[in-house]
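Numbering of ligands and ligand atoms starts at 1, following listing order. No hydrogens, no waters, no symmetry mates; every other heavy atom, side chains included, goes into these values.
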Amino acid sequence: MKPRKIKDGIYWVGAVDWDRRLFDDLIPLPDGTSYNAYLIQGSDKTALIDTVEPEMSDILLNRLKQLDVERIDYVIANHAEQDHSGTLPQILAQHPQAQVVCTPKCKNMLVDLELVPEDRFLTVDDGETLSLGDRTLEFIHAPWVHWPETMLTYLQEDKILFSCDFLGSHLASTELYAKDEGLVYEAAKRYYAEIMMPFSKMIKKNLEKVQEHEITLIAPSHGPIYDRPEFIMEAYHDWVFSEPKNIVVLPYISMHGSTRVMVEHLVDALIENGVTVKLFNLSVTDIGELAISLVDAATIVIGSPTVLGGAHPKVVYAAYLANALRPKTKFVSIVGSYGWGGIMVKQLAGMIPNLDVEILDPVVIKGHPKAEDFKALDKLAAAIAEKHKNLE
Ligand code: FEO
């Protein structure tokens, strides 16, 4: 429960949530998470950057007590979401002189979400600075990483970027810094896929904005601190800017085996054509793993039987998710089997308007696949390989 010193006058005072397994009752967190808060002591003023989940308030308050923090002048609210703002009311009650520093949009949200009185705020413009005496905070508005009100805070003299959710990872760890980069890479990629990828156009702009600053540490609001900032910046550049890779993501359901036989044949045909396949049986898949695979894939092939005239509900959910996550995928196709009819292809194709994709000829057949159906799958595999021929 002790605070962690980053350097003289700068401490991590957050909370590690080892047990959390779901965020927003939606996103799987197989590795738990942390809610990072940071205390910055200047020669004249003291600032707290973000707070923690309301269930973990005592941990933050206890760490501040151990540092004998008698006065907090500013609480920097980079983001209004409750995992960072949830302990704001307690901090403001303990420090009646403290002002909440945030964007004008964030002020409105904190009034609504945390019932913070309007007279407790100091709103800041993009690029505005705030002196703590011998230390200076600079505020960088960064909308849509991943809410519209978000900002980042740059500590000028120490060259530390407090990046809020941006560049973070859901990873519970005793390591303050991202020492095991392989482990952190996987967690950060999952985080990007699930939370940031729908806003990749805004992420591009915010990456460029951040690069105007010299940075020695990136301290996000979830997961370890990056003491090698180029590690996470290069990873984001790959995920956001690079062309998709020679990969097919194939989420599927099979009720009586016909679709599974088709999927297995297609996988073999794709392998023979030099295409990597990531296969997800949606009955057992961690939806986060599917999201991660969408970051790089050039093609999605959806496999489904027909149920009550349409695609299987688990496939409908996967299509909805892919559309919401807006990956940089370029091609989509559909394979599957029906008993007596249905509108599965029209239904699924209509569910992905956010994806800028070419639809490759679907292979949807009656009953168990036959010789001509396997030939159609071979043709689809060859068409995908041809489309991928210039990709890594
Ligand atoms: Fe970690 Fe968007 O809150």
- Roughly, to 10 degrees, what angle do H222 atom NE2 and H84 atom NE2 form around atom 1 (Fe) of ligand 1? 90°

- What N/O/S atom of E81 gets nearest to atom 2 (Fe) of ligand 1? OE1

- Item | Derivation of the salt bridge (Lys or Arg N to Asp or Glu O under 4.0 Å) call for E230 and R228 | CA-CA 6 Å; E230 61 273 25; R228 217 171 63 78; 3.5 Å; yes

- Message: If you count every heavy atom of other residues, nucleotides or ligands that lies below 6.0 Å from D361 atom CG, does the total exceed 12?
- Response: no

- Message: So, of the N/O/S atoms that D165 has, which is the nearest one to atom 1 (Fe) of ligand 1?
- Response: OD1

- Message: For K278, is there an ion pair with E289 - N to carboxylate O distance below 4.0 angstrom?
- Response: no

- Task: Output yes when K107 and E149 qualify as a salt bridge under the 4.0 Å nitrogen-oxygen rule, no when they do not.
- Result: no

- Message: Under 2.8 Å from atom 1 (Fe) of ligand 1, can any N, O or S atom of H79 be found?
- Response: no

- Message: Ring centroids only, cut at 6.0 angstrom: are H256 and H368 within range, meaning strictly under it?
- Response: no

- Task: Specify which N/O/S atom of H146 comes nearest to atom 2 (Fe) of ligand 1, by atom name.
- Result: NE2

- Note on the structure: Restricting D83 to its N/O/S atoms, the closest one to atom 1 (Fe) of ligand 1 is OD2

